[in-house]
Amino acid sequence: MKASEVIANLQRRFPNEPEYIQAVSQVLGTIEEEYNKHPEFEKANLIERLCIPDRVIEFRVSWVDDKGNVQTNMGYRIQHNNVIGPYKGGLRYHKSVNLSILKFLAFEQTFKNSLTTLPMGGAKGGSDFSPRGKSNNEVMRFCQAFMTELYRHMGPDEDVPAGDIGVGGREVGYLFGMYKKLTHQFQGVLTGKGQEFGGSRIRPEATGYGNVYFLCNMLATKNIDIKGKTVLVSGSGNVAQYTMEKLIELGAKPVTCSDSDGYIYDPEGIDREKLDYIMELKNVERGRIKEYAEKYGVKYVEGAKPWFEKADIALPSATQNEINEEAAKALIANGVIAVSEGANMPSTPEAIKVFQDAKILYAPGKAANAGGVAVSGLEMSQNSERLKWSREEVDAKLHDIMNDIHANCVKYGTEADGYVNYVKGANVAGFLKVAKAMMAQGIV
Ligand SMILES: NC(=O)C1=CN([C@@H]2O[C@H](COP(=O)(O)OP(=O)(O)OC[C@H]3O[C@@H](n4cnc5c(N)ncnc54)[C@H](O)[C@@H]3O)[C@@H](O)[C@H]2O)C=CC1
Ligand SMILES: O=C(O)CCC(=O)C(=O)O
């Protein structure tokens with residue numbers, strides 16, 4: 001396989017899908033050498049079958065807003081690969097959602113899920129519907145309309161969606177209710193469910209906690225303690241909130257967080273009380289992060305990202321391509337020692353190069369944020385056995401999984417000079433498991 005030729009071919013076939021091509025390019029560039037050690041892969045044209053999703057489902061969603069107007073949105077589900085388990089991955093509701101973004105996310109999910117050690121294939125879905133500014137009733141009607149199409153493609157052994165940007169506990173609840181109504185089945189077909197109806201303990205916390213556990217593993221390779229470190233966090237949604245919670249618990253100091261309008265900088269640190277305020281503001285009142293700055297009298301920067309502030313560590317937890325080359329250079333110039341991605345693909349290829357050239361600790365999302373889907377996998381296990389595990393049990397398993405992913409990155413990513421290329425490590429480890437399963441299952 002020649003990575004550049006495969007990428008050029010995909011670019012020709014999918015000319016309007018830049019995020020998808022970006023994600024594929026990142027992976028192919030790092031697995032090429034390993035792939036070419038296996039002539040049987042090339043003979044089976046494994047790479048093309050792995051890059052192109054198994055299935056793309058696209059549908060119209062019609063719903064009625066509070067004023068009685070009929071609205072339409074697009075709905076999608078990308079079932080990327082199910083060789084190691086049922087399709088699994090979140091749903092994103094955001095006005096920017098399109099095929100390119102969902103195809104990149106589904107592709108990444110396949111490798112991420114492989115890394116978790118659990119039997120889950122990769123998928124992603126969502127809609128260009130934005131819950132922002134909508135009433136609860138509008139969100140409910142939209143979720144119900146979305147499910148009237150999606151339910152045909154789901155099942156506990158077929159495809160198990162969950163949350164992502166714009167889809168949290170509220171949306172998962174409405175989606176689950178409609179699935180149950182349509183099918184008469186109470187099944188583990190969605191994860192991130194409420195604690196009262198089959199949700200796993202620690203699932204809401206898992207992505208953020210898992211990212212901090214992964215970060216601690218990276219720091220440990222340099223004998224660095226997280227205690228006392230200042231941290232730039234972006235986003236203020238699910239991942240950002242529980243990232244900050246774990247940082248505070250471990251004695252680190254988050255000093256920024258953001259939303260799509262801007263970021264706040266609190267040099268004293270966001271403590272437990274201030275985090276409770278953010279959770280209330282974002283999860284209940286659905287307000288803007290600017291209000292934090294007004295309440296606590298700190299700096300708010302409109303229309304900007306937090307990467308130009310000084311800190312020891314950066315944990316991007318908002319969205320794709322939120323750190324560009326210029327921001328990466330600023331982070332390095334300001335002395336950042338580690339970047340660990342809570343979001344999916346938040347760093348551009350140019351930014352990643354800056355981090356790796358500077359030889360800082362840098363973890364890609366598919367390794368560092370895999371704790372969320374891992375606990376989703378544990379939720380599926382609990383649903384299957386009709387049991388609910390304790391917080392301690394789930395957290396211990398999450399710890400083990402993040403340790404295992406870190407060890408695999410070190411195994412496959414350590415370079416001749418001892419530097420751990422976590423991108424290569426994660427991609428090769430994730431790839432090998434999927435590739436071996438594909439070979440065993442024939443050309444299907
Ligand atoms: N929820 C989960 O379990 C997992 C989420 N992720 C990734 O983490 C990231 C955040 O997801 P969640 O916290 O679940 O979503 P969320 O909807 O709870 O929060 C998203 C946050 O990002 C901000 N944001 C969204 N688009 C933005 C933009 N264009 N510019 C600046 N800020 C923007 C929002 O204002 C919000 O604060 C996404 O990249 C998602 O794919 C990754 C693994 C699992
Ligand atoms: O929990 C899940 O199934 C999906 C999580 C997710 O969307 C992600 O890992 O990006």
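Remember, it's a predicted structure, so these values are computed and weren't measured experimentally. Remember, it's 1-based here, ligands and their atoms both numbered in the order they're listed.
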Return a table of donor-acceptor pairs under 3.5 angstrom between the side chains of residues 405-413 and protein atoms on other chains or two or more places apart.
residue: H406; atom: NE2; partner: Y422; partner atom: OH; Å: 2.8

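- At under 3.5 Å, not a single nitrogen or oxygen of N369, backbone or side chain, sits near a nitrogen or oxygen of ligand 2.
- Partners of D395 according to the salt bridge (Lys or Arg N to Asp or Glu O under 4.0 Å) rule, which considers only residues two or more places apart in sequence or in another chain, do not exist here.
- The residue V375 has no part lying near ligand 2, judged by heavy-atom distances below 4.0 Å.
- Of the protein's non-hydrogen atoms, the one nearest atom 1 (O) of ligand 2 is S376 OG, 2.5 Å.
- Counting heavy atoms closer than 4.0 Å to ligand 2, residue D164 contributes side-chain atoms (C-beta onward) but none from N, CA, C or O.
- Checked against a 3.5 angstrom limit, the closest N/O atoms of G90 and ligand 2 fall inside it.
- For K88, every heavy-atom contact with ligand 2 shorter than 4.0 Å involves the side chain, none the backbone.
- Ring centroid separation for the pair F146 and F129 does not come in under the 6.0 Å cut-off.
- Within 4.0 Å of ligand 1, heavy atoms belong to protein residues R92, H94, K112, D164, I165, G166, R203, T207, G235, S236, G237, N238, V239, S258, D259, S260, S317, A318, T319, G342, A343, N344, N369.
- Counting protein heavy atoms only, atom 9 (O) of ligand 2 is closest to K112 NZ, 2.7 Å.
- Look at G163 and you'll find a heavy atom under 4.0 Å from some atom of ligand 2.
- In summary, K299 and E309 engage in a salt bridge, as defined by a charged side-chain N under 4.0 Å from a carboxylate O.
- The shell of residues lying under 4.0 angstrom from ligand 2, judged by heavy atoms, excludes R92.
- In this structure, a donor-acceptor pair under 3.5 Å is present between the side chains of S200 and Q382.
- The environment of NZ in K388 is crowded: more than 12 heavy-atom neighbours from other residues, nucleotides or ligands sit within 6.0 Å.
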Show every donor-acceptor pair shorter than 3.5 Å between a side-chain atom in residues 71-81 and any protein atom, with sequence neighbours excluded, or say none if there are none.
residue: Q71; atom: NE2; partner: D65; partner atom: OD2; Å: 2.8
residue: N73; atom: OD1; partner: W63; partner atom: NE1; Å: 2.9
residue: N73; atom: ND2; partner: D128; partner atom: OD1; Å: 3.0
residue: R77; atom: NE; partner: D159; partner atom: OD1; Å: 3.3
residue: R77; atom: NE; partner: D159; partner atom: OD2; Å: 2.9
residue: R77; atom: NH1; partner: G89; partner atom: O; Å: 3.1
residue: R77; atom: NH1; partner: G90; partner atom: O; Å: 3.2
residue: R77; atom: NH2; partner: G89; partner atom: O; Å: 3.1
residue: R77; atom: NH2; partner: D159; partner atom: OD1; Å: 2.6
residue: Q79; atom: OE1; partner: R55; partner atom: NH1; Å: 2.8
residue: Q79; atom: NE2; partner: H153; partner atom: O; Å: 3.3
residue: Q79; atom: NE2; partner: D159; partner atom: OD2; Å: 2.8
residue: H80; atom: NE2; partner: L50; partner atom: O; Å: 2.7
residue: N81; atom: OD1; partner: V83; partner atom: N; Å: 2.9

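- Residue contacts with ligand 2, taken as heavy atom pairs separated by less than 4.0 Å, involve R203 solely via side-chain atoms from C-beta onward.
- Both tests do not hold together for K180 against F186: distance to the six-membered ring centre under 6.0 Å, angle to the ring axis within 45°.
- Heavy-atom neighbours of E285 CD from other residues, nucleotides or ligands within 6.0 Å: above the threshold of 12.
- Among all non-hydrogen protein atoms, the one lying nearest atom 7 (O) of ligand 2 is K124 NZ, 2.6 Å.
- No hydrogens or angles considered: a donor-acceptor pair under 3.5 Å links the side chains of K112 and N369.
- A cation-pi contact, defined as under 6.0 Å to the ring centre and within 45° of the axis, links K295 to Y277.
- Using the six-membered ring where Trp is involved, H399 and Y213 have ring planes that are parallel, under 30° apart on the 30 and 60° scheme.
- For ligand 2, the atoms lying closer than 4.0 Å to a non-hydrogen atom of G89 are 3 (O), 4 (C).
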